[in-house]
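Have a look at the structure below before the remarks.
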Amino acid sequence: MAELHFFTGTMDSGKSTLALQTNHNHAARGRQGRIFVTRDRAGQGRISSRLGLTHEALEVDADFDFWRHVVDSLTQGTRIDYVICDEAQFYTRDQVDQLAKIVDELQIDVFAFGILTDFRTELFPGSGRLVELADRMNVLQVEALCWCGKRATHNARTENGVMVTEGEVVVVGDVEDVEGPEPTSDADADVAYEVLCRQHHRRRLTAARAKAVSLAPEPLPFG
């Protein structure tokens, strides 16, 4: 029986790597699949891993219809045994419903990969719907770590090195530069992401801020 699988974890926990590995494993057994992605850091129509792996993929926008795409492909004689969906947190609730319909009506396995919550600690609509519908939900075992060494559980957004908790939900960035960029104008804000434990997310204490605090000079004693 086909199933809808949802693999989730924080940023930097290996979701895209696992998506590519899943595709490789199934393709190596002669199965035919389709790979979908949206807003990957490598650009449109690409799925990429921070380990350097990349693969061509079909770009998904808000109007994309998974059900119609798969049905049309099958009608034209294309074989589809499984579907890989990366960055699934950005999908709409209707699109996740379409993926579930593909599993139930067409008996095609769907493997979706995405983070649960945004930088405000609120569920993405796509991830929330996957939690509601998935046959199997898997939390990735490769733990991303906060700068303090504890398990990272929250995704933080920084603008010009300063953590923010308000703004557009979807802004593409990466988690490479935790030291913080040089300040720029508001119009050219440098957006990046960092994974933090809950405690330091609540305190807005990023790696760059923690380093700055540790290097701050001690106050002079009175007297």
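Basis for what follows: all heavy atoms, side chains included, without hydrogens, waters or symmetry-related copies.
Two residues are said to be in side-chain contact when any heavy atoms from C-beta on lie closer than 4.5 Å; Ile84 and Arg34 fail this criterion. The side-chain heavy atoms of Met163 and Leu196, taken from C-beta on, include a pair separated by under 4.5 Å. Looking at heavy atoms from C-beta onward, Leu18 lies in side-chain contact with Leu140 at the 4.5 angstrom threshold. Side-chain contact between Met137 and Thr8 is present, with heavy atoms from C-beta onward closer than 4.5 Å. Within the 4.5 Å cutoff, the side chain of Val103 has heavy atoms near those of the Asp135 side chain. Side-chain contact between Thr117 and Glu122 is absent, with no heavy atoms from C-beta onward closer than 4.5 Å. Using a 4.5 Å heavy-atom threshold, the side chains of Val37 and Glu59 count as touching. Side-chain contact between Tyr91 and Phe124 is absent, with no heavy atoms from C-beta onward closer than 4.5 Å.
Side-chain N/O atoms of Ser73 and Arg79 include no donor and acceptor closer than 3.5 Å. For the residue pair Asp72 and Gln76, no side-chain donor N or O sits within less than 3.5 Å of a side-chain acceptor on the partner. Looking at Tyr193 and Arg157, their side chains do bring a donor and an acceptor atom within 3.5 Å of each other.
Residue Ile108 is tested with Val70, Leu4, Leu99 for a side-chain contact (heavy atoms from CB on, under 4.5 Å); the sole match is Val70. When each of Asn25, Thr17, Asn23 is checked for a side-chain hydrogen bond (donor to acceptor under 3.5 Å, both in side chains) with Gln21, only Asn25 meets the rule.
In this structure, Cys197 and Lys150 approach most closely via the heavy-atom pair CB-CB, 4.2 Å. Annotation for Cys146 and His200: closest pair SG-ND1, 3.7 Å, computed over non-hydrogen atoms. Ala100 and Leu133 make their closest contact through CB-CD1, 4.1 Å (heavy atoms, listed as atom of the first residue, atom of the second, distance). The shortest heavy-atom contact between Ile115 and Ser127 is O-OG, 2.5 Å. Taking every heavy atom of both residues into account, Ala156 and Phe119 meet most closely at C-CB, 4.3 Å. Taking every heavy atom of both residues into account, Leu205 and Trp147 meet most closely at O-NE1, 2.8 Å.
Taking the six-membered ring where tryptophan is involved, the planes of Phe36 and His69 are perpendicular, since the angle between them exceeds 60° and thus also 30°. A perpendicular orientation is assigned to the rings of Phe64 and Phe66, their planes being inclined by more than 60° (bins at 30° and 60°).
Taking 4.0 Å as the cut-off between side-chain N and carboxylate O, Lys15 and Glu87 do not count as a salt-bridged pair.
A distance of 6.0 Å or more separates the ring centres of Phe113 and His5.
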Could you walk me through whether Thr165 and Arg204 satisfy the side-chain hydrogen bond (donor to acceptor under 3.5 Å, both in side chains) test, starting with their C-alpha distance in whole Å, then the side-chain angles of each, then the deciding distance to 0.1 Å, before giving a yes or no? CA-CA 9 Å; Thr165 57; Arg204 302 191 186 187; 3.0 Å; yes

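The environment of CZ in Arg31 is crowded: more than 12 heavy-atom neighbours from other residues, nucleotides or ligands sit within 6.0 Å.
With hydrogens and angles disregarded, a donor-acceptor distance shorter than 3.5 Å links the side chain of Gln95 to the backbone of Asp61.
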